[in-house]
Amino acid sequence: MLPKKFLECLDREGIVAIGSSSAKGEVHLVNTWHRFVLVTEDERLLIPAGGMTRTEENVGENPRVELTLGSGEVMGEKAPGVGFLVVGKAEFLDHGEELEAIRAKCGFGSRVLVVTPESCTQTM
């Protein structure tokens with residue numbers, strides 16, 4: 001489901017914006033770096049969470065999240081760069097294989113944000 005171009009983009013330096021919303025519809029955004037995102041064999045996204053308390057509260061009420069990321073270092077079909085929108089369901093874990101995998105990759109995170117993509121759309 002995750003296109004090759006998305007994985008190529010994630011391999012370049014850049015920022016990931018993570019949007020969540022509360023049950024009341026209040027939107028909250030946080031950011032992380034591409035280099036901290038791990039893609040599992042089953043294409044879930046693992047993201048270290050040292051803070052993200054508001055995001056975690058929102059996910060507890062509404063697990064739907066949206067992520068955007070992009071890179072000017074990857075050539076798109078019609079533009080000098082690519083961008084993606086990932087929509088999926090999220091959960092926070094404070095133990096287990098996913099947390100150990102993310103700690104092995106980046107060395108930090110008291111919890112891990114696990115995003116199961118439902119769609120991944122190239123936006124540019």
Beyond-backbone contact of Leu69 with Val37, side-chain heavy atoms, under 4.5 angstrom: no
Minimal non-hydrogen separation, Gly50 against Ser110, with atom names: O-OG, 3.9 Å
Distance (rounded to the nearest 0.5 Å) between Thr55 OG1 and Leu113 CG: 7.5 Å
side-chain contact (heavy atoms from CB on, under 4.5 Å) partners for Arg35, two or more places apart: Glu13, Trp33
Met124: hydrophobic cluster co-members (side-chain, 4.5 Å): none
ring-ring contact (aromatic ring centres under 6.0 Å, His included) partners of residues 37-64, not counting sequence neighbours, each pair once: none
Residues in side-chain contact (heavy atoms from CB on, under 4.5 Å) contact with Asn62, at least two apart in sequence or another chain: Ser21, Arg64
Side-chain donor-acceptor pairs of residues 88-100 under 3.5 Å, sequence neighbours excluded:
residue	atom	partner	partner atom	Å
Glu98	OE2	Arg44	NH1	3.1
Glu98	OE2	Arg44	NH2	3.4

Cluster overlap Ile18 with Val39, hydrophobic side-chain contacts below 4.5 Å: yes
Shared hydrophobic cluster, Val112 / Val65 (ILVMFWY, side-chain heavy atoms < 4.5 Å): no
ring-ring contact (aromatic ring centres under 6.0 Å, His included) contacts in which one or both residues fall within residues 101-124, not counting sequence neighbours: Phe36-Phe108
Value rounded to 0.5 Å, distance of CG in Asp11 from CD in Glu73: 10.5 Å
Which atom of Ser71 lies closest to which atom of Cys9, heavy atoms considered: N-SG, 3.6 Å
Main-chain N/O of Gly72 paired to Arg12 side chain as donor or acceptor, under 3.5 Å: no
ring-ring contact (aromatic ring centres under 6.0 Å, His included) pairs, two or more places apart, involving residues 50-86: Phe6-Phe84
Path from Val114 to Val86 over hydrophobic side-chain contacts below 4.5 Å: no
Residues clustering with Met75 (ILVMFWY side chains joined when closer than 4.5 Å, directly or via others): none
Pairs touching residues 113-124 that satisfy side-chain hydrogen bond (donor to acceptor under 3.5 Å, both in side chains), sequence neighbours left out: none
Heavy-atom side-chain proximity of Ile47 to Met52 below 4.5 angstrom: yes
Side-chain hydrophobic cluster, 4.5 Å single linkage: members besides Val27: none
With sequence neighbours excluded, residues passing side-chain contact (heavy atoms from CB on, under 4.5 Å) with Glu57: Arg54
Atom pair CG (Leu45) and CG (Leu10), whose distance is rounded to the nearest 0.5 Å: 7.5 Å
Non-hydrogen atoms of Gly19 and Leu29 that approach each other most closely: CA-CD2, 3.4 Å
Sequence-distant partners of Thr68, side-chain contact (heavy atoms from CB on, under 4.5 Å), two or more places apart: Ala17, Leu85
CA sep, side-chain torsions, deciding dist, call: Lys105, Leu46, side-chain contact (heavy atoms from CB on, under 4.5 Å): CA-CA 10 Å; Lys105 178 177 174 84; Leu46 307 182; over 6 Å; no
Audit row: Val16, His34, side-chain contact (heavy atoms from CB on, under 4.5 Å) steps and yes/no: CA-CA 6 Å; Val16 179; His34 287 194; 3.6 Å; yes
Identified side-chain contact (heavy atoms from CB on, under 4.5 Å) counterpart of Glu43 within the set Leu7, Val115, Leu2: Leu2
